[in-house]
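To start, the structure itself, in structure tokens.
A note on names: the letters A, B, ... follow the listed sequences, proteins ahead of strands, and every chain is numbered from 1.
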There are 2 protein chains.
Amino acid sequence: MPKVSEEYKAERRAEIAAAALRCFARKGFQATSMAEIIAETGLSAGAIYGHYASKDDLVVDCARYFLGNRVNDLARLKDQRPLPQPGQVAAMFIAGFGEDLGDFGILVQVWGEAVSNPKVAELIGSVLTQTRTVYEDYLAEWFRAKGTLNEQECVAKGIAFAPVIVSLCQGYMVQGTVLPDFDGEAYLATLLDLRFD
Amino acid sequence: MPKVSEEYKAERRAEIAAAALRCFARKGFQATSMAEIIAETGLSAGAIYGHYASKDDLVVDCARYFLGNRVNDLARLKDQRPLPQPGQVAAMFIAGFGEDLGDFGILVQVWGEAVSNPKVAELIGSVLTQTRTVYEDYLAEWFRAKGTLNEQECVAKGIAFAPVIVSLCQGYMVQGTVLPDFDGEAYLATLLDLRFD
DNA sequence: GTCTATATCCAGATAGAC
DNA sequence: GTCTATCTGGATATAGAC
């Protein structure tokens with residue numbers, strides 16, 4: 001019976017979260033005021049607080065939203081044939097984020113926010129661990145395809161190199177955000193020249 | 001004539017900045033209030049504002065302080081013999097930061113802060129560009145030592161790979177901050193297995 | 001559910017005595 | 001230069017009408 005109402009609520013929450021995310025992407029979580037979010041939605045304070053109990057709730061929900069998409073993207077990678085190079089995997093991950101968010105500032109800010117906000121920290125930790133696990137699986141597969149290592153070595157190397165791939169993505173995002181003259185294309189091309197062995 | 005006074009002022013500023021840095025490292029720039037900094041110094045509001053015109057000034061000064069040390073460290077690297085491996089260079093950079101700050105949370109937060117604070121952005125941009133330049137010089141030297149490339153190729157490869165080394169450092173810091181189970185030792189060991197060619 | 005109006009709090013910053 | 005006391009603004013969040 002409360003079916004329509006549930007749908008409506010979910011829609012409104014998504015609407016509010018989307019507007020908030022636009023604000024956060026522009027100015028960061030902490031520097032964005034509820035007043036700005038309210039203006040961006042076109043709604044009123046009362047309406048917002050009817051759906052979110054606090055600004056903190058909104059922050060966490062926004063972070064969850066755009067991080068979730070990434071994990072879904074990645075899960076598909078492992079089954080692609082031919083198996084892409086490690087450098088290509090990183091490039092795809094970065095491209096997915098870029099399309100979703102426009103730029104990487106928001107993600108860089110989320111990492112910073114995690115330092116002082118336990119809820120965000122937990123969320124990021126979970127997502128990053130999932131991401132790393134996907135990379136571990138992919139890399140094991142990649143080493144198997146090379147055919148020069150035994151099964152145990154493939155798995156071990158996957159575990160060892162996964163955080164390095166994560167770094168290559170994170171570094172792109174930090175430098176792309178902070179350095180005005182960062183050359184993303186050249187960076188991605190260089191990744192293809194890296195040898196994991 | 002105002003000599004003692006100048007020294008005293010500089011000392012006090014450093015004292016205040018050090019206390020502020022401790023606070024920022026714990027809670028982040030934005031989440032730290034002036035009241036906390038005041039408490040940490042043991043001084044009073046009036047005393048602080050006698051030396052810093054605003055919280056923002058204090059933030060920028062703190063960031064400048066700990067970023068500056070890193071650039072100095074790096075400048076020495078290029079002249080070391082035998083020339084360390086790229087992976088070792090990254091490890092040294094990371095170790096230097098760790099000794100100076102205890103952990104990397106503060107740096108991760110600075111990157112986030114740069115998104116919304118132009119003064120911090122400029123500072124980080126400058127430091128990161130200097131860092132990258134040092135890496136470029138070092139890498140050119142490294143490729144020369146291998147003896148398989150001509151001069152032009154050495155320089156070009158240095159420019160191409162420098163941002164990758166930067167990423168390897170940044171990724172360590174992000175993951176070390178955000179992932180409770182991040183294995184820094186294993187990560188650094190893996191870097192030694194990366195081949196740049 | 002949503003609005004307007006407002007309560008409440010705490011931040012950064014200052015004034016003026018010493 | 002440093003203190004205490006305080007101002008002022010803007011932040012989050014709520015109350016109550018519709």
Side-chain angles (χ1 to χ4, degrees), chain A residues 1-24 26-63 109 112-113 116-120, chain B residues 1-24 26-63 109 112-113 116-120:
Chain A
M1 180 116 40
K3 199 177 163 201
V4 176
S5 175
E6 286 299 319
E7 268 172 31
Y8 180 82
K9 275 183 75 161
E11 231 173 81
R12 259 285 142 98
R13 273 179 69 96
E15 215 174 278
I16 293 167
L21 191 55
R22 287 194 296 276
C23 295
F24 293 147
R26 281 199 294 269
K27 298 191 45 179
F29 293 106
Q30 316 233 31
T32 298
S33 71
M34 287 303 289
E36 289 170 282
I37 295 171
I38 288 159
E40 180 82 22
T41 59
L43 299 174
S44 65
I48 306 291
Y49 281 97
H51 293 276
Y52 287 95
S54 70
K55 179 183 171 184
D56 213 59
D57 270 29
L58 202 40
V59 167
V60 173
D61 209 49
C62 284
Q109 290 180 81
E113 177 76 11
S116 59
N117 183 332
K119 280 186 194 163
V120 172
Chain B
M1 189 155 6
K3 197 178 167 202
V4 175
S5 175
E6 286 299 318
E7 269 172 32
Y8 180 81
K9 275 183 76 162
E11 232 174 80
R12 259 285 141 99
R13 273 178 69 96
E15 216 174 277
I16 293 167
L21 191 55
R22 287 194 295 277
C23 295
F24 292 147
R26 280 199 294 270
K27 299 191 44 178
F29 292 106
Q30 316 233 29
T32 298
S33 69
M34 286 303 289
E36 288 170 283
I37 295 171
I38 289 159
E40 180 82 21
T41 59
L43 299 174
S44 65
I48 306 291
Y49 282 96
H51 294 275
Y52 286 95
S54 69
K55 181 183 171 184
D56 213 59
D57 269 28
L58 202 39
V59 166
V60 172
D61 209 48
C62 284
Q109 290 179 82
E113 177 77 10
S116 58
N117 183 331
K119 278 186 195 162
V120 172

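The CG atom of A:D61 sits 11.0 Å away from the NZ atom of A:K119 when rounded to the nearest 0.5 Å. In this structure, the separation between CD1 on A:I48 and OG1 on A:T41 is 4.0 Å, given to the nearest 0.5 Å. Put simply, CG on A:L43 and CD on A:E15 are 6.5 Å apart, with the number rounded to the nearest 0.5 Å. Once rounded to the nearest 0.5 Å, the distance linking SG of A:C62 with NZ of A:K55 reads 11.0 Å. Here the CD1 atom belonging to A:I38 is positioned 10.0 Å from the CD1 atom belonging to A:I16, to the nearest 0.5 angstrom. To the nearest 0.5 Å, atoms CZ (B:R13) and NZ (B:K9) are separated by 8.0 Å.
Put simply, CD1 on B:I37 is 7 Å from P on C:dG12, counting in whole angstrom units. Between the CZ atom of B:R13 and the C1' atom of D:dG1 there is a distance of 15 Å, given to the nearest Å.
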Pairs under 3.5 angstrom, nitrogen or oxygen only, protein versus nucleotides 8-11 of chain C, please.
none

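Of the residues in residues 46-54 of chain B, those with a non-hydrogen atom less than 4.0 angstrom from any atom of DNA chain D are B:G46, B:A47, B:H51.
B:R26 places none of its side-chain heavy atoms less than 4.5 Å from the side chain of B:E36.
For A:S44, the listed nucleotide lying nearest its side chain is C:dC3; candidates were C:dG1, D:dG1, C:dC3.
One side chain, A:E113 or A:Q30, offers a donor N or O that lies under 3.5 Å from an acceptor on the other.
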